[in-house]
K.L.:
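Sharing a structure with you now.
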Amino acid sequence: MNNTMRQSTQKLLQQRLMSAIVLPIVLLLLLSGIFISQTLHLLSALSWVDHTDRVISQANLVQKLLIDIETSNRGYLLTGDPAFLAPYEQARTQIDPELNELRRLVRDNPQQSQRAAALLQQQTQWIAGVPQVLALVESDRATLRSSLLSRKQQMDAMRRLMTDFIAIEEQLRDDRVQTVRQTTNSVVTSSLGFSLAIGATLAYFSGRQLQKVARTYRQMVDSLQQSLDDRTATETALSNSEAQIQENYTLLQSVINGTTDAIFMKDREGRLRLANARTAQILGRPVQELLGAADDEVLPPEVARDVTAFDRRVMSTGRSQVFEESVPVNGEIRTFLSTKDPYVDAQGNIAGIIGISRDITDRKRVEAQQQKSAQRLAALQAIDRAILRLDAPHDIAEAALIRLLQTVSADQAAVMVVDLEQGQLQVLGGTMGGDPAGTIRAITDNVSTDVLLNREAVWYIKDLSTLVQIQQVPLWDRLIAEGYRSFIAAALMVEGNFTGDLVLTKREVDAYSAEDLEIVGEVANQLAIALQQSQLRDQLQRYASELEQRVAERTAKLEATNQELEAFTYSVSHDLRAPLRTMQGFAQALMEDYADQLDDLAKSYIESIVEDAVQMSDLIADLLAYSRLGRTQINPQPVDLREAIQDALKQLSAEIQEKQAEVFLPKFLPLALAHRSTLVQVLANLISNSIKFVEQGILPRIRIYTEADQHNYQPWVRLIIEDNGIGIAPEHQERIFRVFERLHGVESYPGTGIGLAIVRKGLERMGGRVGVESALGQGSRFWIALPQAVLSDREANDSTHPTAAH
Ligand code: ADP
């Protein structure tokens with residue numbers, strides 16, 4: 001519903017309300033007027049009744065006074081007693097005024113006025129005759145009587161007059177009361193009639209008017225309700241979308257302000273249209289002050305120029321771009337990585353830019369530091385590598401200088417070493433103060449020893465020309481003359497001793513940063529160590545070559561002694577065997593030729609001599625074998641292990657038979673690189689031990705087999721000899737391979753203690769290895785390992801068929 005309609009409805013409602021209110025008011029006013037006039041009418045009727053009442057009562061008073069006058073006169077006249085005259089005296093004074101009052105009261109009524117006047121006249125006459133009459137009391141009684149009679153008649157006339165008067169007044173009063181009653185009735189009736197008529201009219205009229213008003217009102221209410229509904233709906237929709245917008249805005253605002261990045265918008269003229277809290281913080285002004293401000297109003301001119309140029313580029317290209325911008329924040333230049341996008345309005349025109357700037361100062365700083373320390377590390381590593389590669393101190397010094405100067409610049413640099421004892425210094429690498437590498441000078445030519453030793457480890461002079469103690473450091477004199485200003489001397493310290501300096505100088509004043517000094521210090525330390533290592537290496541080499549020479553000399557001597565010893569052992573063993581054989585021969589001759597002459601004791605002595613001689617012979621044979629092994633020329637050849645084992649078993653056939661030993665062999669065994677006779681001896685010794693070292697009453701069972709082995713990535717063969725003998729405790733397993741080491745007495749198990757020593761030596765000579773795995777009472781597994789001669793897959797470990805070796 002539109003406004004005009006609503007206004008006309010309102011007007012109509014007003015008119016209807018007006019007429020509904022005005023008409024009843026007019027009718028009520030009319031009714032009130034009628035009521036007032038009726039009431040006034042009634043009141044006047046009532047006042048007349050009241051007036052009549054007063055006339056009647058006044059008439060009664062006058063009548064009473066007349067009676068008093070007459071009765072009092074009569075009493076006196078009858079009695080002669082003056083006491084009776086008292087009421088007369090009183091009434092005589094009152095009667096005239098009262099009569100006049102009565103006359104006044106009936107002024108409006110002419111008839112009654114006449115009567116009252118007549119009464120006054122008669123009364124005055126009557127009173128005037130009183131003294132005369134009274135005088136008659138004493139004198140003339142007859143006259144009195146007649147006078148009395150006439151006076152009585154007068155009085156009666158007056159009384160009648162009075163009675164009439166009163167009767168007329170009462171009649172009048174009755175009439176008037178009647179009038180009042182009628183008036184009251186008419187007033188009540190007419191009022192009732194009027195009221196009913198007006199009430200009905202009003203009711204009818206009001207009803208109609210109210211219906212109209214109600215209709216109009218309802219229409220209006222409806223229309224209002226409609227517009228209210230419309231409005232509510234619109235308001236709800238509005239408030240919903242407003243709430244949504246508000247929520248989105250709040251969200252956006254909190255995102256924008258919550259981020260640590262600066263977010264801002266600028267219009268085409270470069271004026272800020274939006275700025276978040278971080279932007280305000282960076283620019284050092286509240287957001288309100290920033291809005292509308294151009295770049296040159298919030299940034300220093302040169303920064304503003306760049307920023308404006310970047311923004312223009314984004315707007316002209318219409319493409320998002322990333323810039324690195326440097327902006328002063330709290331007096332410190334900070335770097336921002338700014339991403340700027342063109343901002344497009346509803347018509348699709350570029351209206352400005354939207355930018356997000358991230359503070360990357362710390363990142364850049366870290367990156368720069370990382371780069372610097374990477375460079376530093378690279379330089380130090382390069383120096384390290386150079387040091388490892390190079391031996392000569394001069395080369396090390398030059399290499400260190402080259403690497404150092406790639407990181408820290410210098411116009412002149414040198415490594416100088418000092419010999420404090422000699423009081424000399426040498427330029428080891430580089431050039432300094434006109435001295436090329438190799439120059440040797442007295443220390444004091446450059447600096448007083450005092451100054452040299454009592455200064456900081458990294459000594460930095462920002463400007464040589466400002467110094468005063470030049471005489472103590474003549475080098476500076478020369479450097480100043482050549483135009484150098486900055487000067488660094490980093491001490492080369494080795495185990496707390498000063499050994500020299502790494503010196504850098506530059507023409508620029510205060511050319512070095514704290515970091516440069518650190519790097520120079522680190523390189524100096526490295527260099528000092530390198531130079532010391534180089535010295536140590538020299539020394540070591542000297543010692544090593546000395547040592548080598550000494551070892552060679554001693555080895556030669558030892559070899560000679562050894563050969564002598566072996567030759568001696570051989571000849572001794574050899575020479576000992578001849579008398580032993582003789583001794584054995586004679587003992588045997590004694591037994592054979594003089595058996596009958598010898599008693600049993602003598603025979604047992606001879607047996608002992610023979611046994612010991614055999615033992616001694618075995619010992620000498622073993623020793624000879626051992627000694628021969630040392631001198632035998634060993635040329636390893638492929639040897640069939642099976643054949644070698646068969647040879648050994650052949651040698652042992654008597655023992656095998658005697659002990660009823662069983663030896664199990666696989667059908668095929670590989671070839672090994674070995675010295676055949678030595679290998680046969682080794683195998684014979686091992687198998688012989690396996691037969692020998694068994695518990696009494698146990699038949700020896702020996703299993704021989706091979707396993708693939710490897711040594712220095714070469715295929716080897718491992719031959720294992722496994723027995724069911726007495727076993728060897730782990731703690732003895734090493735020493736049994738040494739000469740004369742035995743674990744049992746000759747009485748229990750005969751032997752010389754050389755068998756396993758021969759095994760070890762034989763294998764050593766053939767380039768093989770030997771070992772044992774065993775536990776006491778659980779048999780032993782001796783193994784020998786040799787290079788495999790021919791790659792063969794015939795490594796059958798089939799040991800199911802015992803080799804007949806009995
Ligand atoms: P010998 O056999 O002459 O005593 P060896 O040098 O051959 O000397 O052996 C040294 C010692 O090693 C032996 O005395 C013995 O105690 C122990 N031994 C060697 N082989 C075995 C074996 N197969 N079982 C138990 N003990 C052994």
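The shown structure was predicted, so the numbers you read here are calculated from the model rather than taken from an experiment. Order of appearance sets the numbers: ligands from 1, and atoms from 1 within every ligand.
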K.L.:
Need the ligand 1 atom indices (1-based, order shown) with element for anything under 4.0 Å from a heavy-atom of Lys692.
P.N.:
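Counting atoms of ligand 1 from 1, those under 4.0 Å from Lys692 are 1 (P), 2 (O), 3 (O).
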K.L.:
How does Tyr749 reach ligand 1, if at all, at less than 4.0 Å between non-hydrogen atoms: by side chain, backbone, both, or neither?
P.N.:
neither
K.L.:
Heavy atoms only, cut-off 4.0 Å: how does Asn685 contact ligand 1, side chain, backbone, both, or neither?
P.N.:
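No part of Asn685 comes within reach of ligand 1.
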K.L.:
Any salt bridge linking Arg676 with Glu643? Criterion: basic side-chain nitrogen under 4.0 Å from a carboxylate oxygen.
P.N.:
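Salt bridge: yes.
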K.L.:
For atom 3 (O) of ligand 1, what's the nearest protein heavy-atom neighbour? Residue, atom name and distance, please.
P.N.:
Thr752 N, 2.8 Å
K.L.:
Could you identify the single nearest non-hydrogen protein atom to atom 19 (C) of ligand 1 and state the distance to 0.1 Å?
P.N.:
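Nearest protein contact, heavy atoms only, for atom 19 (C) of ligand 1 is Asn689 ND2, 3.3 Å.
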K.L.:
Find all atoms of ligand 1 within a distance of less than 4.0 Å from any non-hydrogen atom belonging to Ile726, and give their numbers and elements.
P.N.:
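Close to Ile726: 25 (C).
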K.L.:
Which of the atoms in ligand 1, numbered in the order shown and given with their element, are less than 4.0 Å from a heavy-atom of Ile736?
P.N.:
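Going through ligand 1 atom by atom, the ones under 4.0 Å from Ile736 are 12 (O).
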K.L.:
Could you list which atoms of ligand 1 come closer than 4.0 Å to a heavy atom of Leu743?
P.N.:
14 (O), 16 (O)
K.L.:
Can you establish whether the number of heavy atoms outside Lys603 located under 6.0 Å from its atom NZ is more than 12?
P.N.:
yes
K.L.:
So with a 6.0 Å cut-off around CD of Gln371, is the heavy-atom count from everything else above 12?
P.N.:
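12 or below, so no.
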K.L.:
Do Asp516 and Tyr460 pass the side chain to side chain contact (heavy atoms under 4.5 Å, CB included) test, and can you show the C-alpha distance, the side-chain angles, and the key distance before you say yes or no?
P.N.:
CA-CA 11 Å; Asp516 291 335; Tyr460 178 40; over 6 Å; no
K.L.:
Among His744, Arg742, Glu741, whose heavy atom sits nearest atom 10 (C) of ligand 1?
P.N.:
Glu741
K.L.:
For atom 1 (P) of ligand 1, which candidate among Ala729, Gly755, Gly753 provides the closest heavy atom?
P.N.:
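Ranked by closest heavy atom to atom 1 (P) of ligand 1, first place is Gly753.
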K.L.:
At what distance, to the nearest 0.5 angstrom, does CD1 of Ile443 lie from CG of Asp419?
P.N.:
7.5 Å
K.L.:
For Arg765 and Thr678: C-alpha separation, side-chain torsions, deciding distance, then whether side chain to side chain contact (heavy atoms under 4.5 Å, CB included) applies.
P.N.:
CA-CA 9 Å; Arg765 301 262 6 235; Thr678 306; 5.8 Å; no
K.L.:
Could you pull out all residues at least two apart from Val739 that satisfy side-chain contact (heavy atoms from CB on, under 4.5 Å)?
P.N.:
Tyr626, Ile754, Ala757
K.L.:
Specify side chain, backbone, both or neither for Asp723, according to which of its non-hydrogen atoms lie closer than 4.0 Å to ligand 1.
P.N.:
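The answer is the side chain of Asp723.
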K.L.:
Should one rank Phe693, Phe782, Phe740 by closest heavy-atom distance to atom 18 (N) of ligand 1, which comes out on top?
P.N.:
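The option holding the nearest heavy atom is Phe693.
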K.L.:
Could you give all pairs that pass the ring pair (Phe, Tyr, Trp, His ring centres under 6.0 Å) test and reach residues 733-767, with sequence neighbours left out?
P.N.:
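For residues 733-767: Phe693-His744, Phe693-Tyr749, His744-Tyr749.
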K.L.:
Within the structure, is a non-hydrogen atom of Ser780 found at a distance of less than 4.0 Å from ligand 1?
P.N.:
yes
K.L.:
What atoms of ligand 1 come closer than 4.0 angstrom to any heavy atom of Ile754?
P.N.:
6 (O), 8 (O)
K.L.:
How long is the straight-line distance from CZ of Arg781 back to CD of Glu722, given to the nearest 0.5 Å?
P.N.:
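Rounded to the nearest 0.5 Å, the CD-CZ separation comes out at 5.0 Å.
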K.L.:
Once you restrict to heavy atoms under 4.0 Å, what part of Leu756 touches ligand 1? Side chain, backbone, both or neither.
P.N.:
both
K.L.:
Within a 6.0 Å radius of atom CD on Glu495, are there more than 12 heavy atoms belonging to other residues, nucleotides or ligands?
P.N.:
no
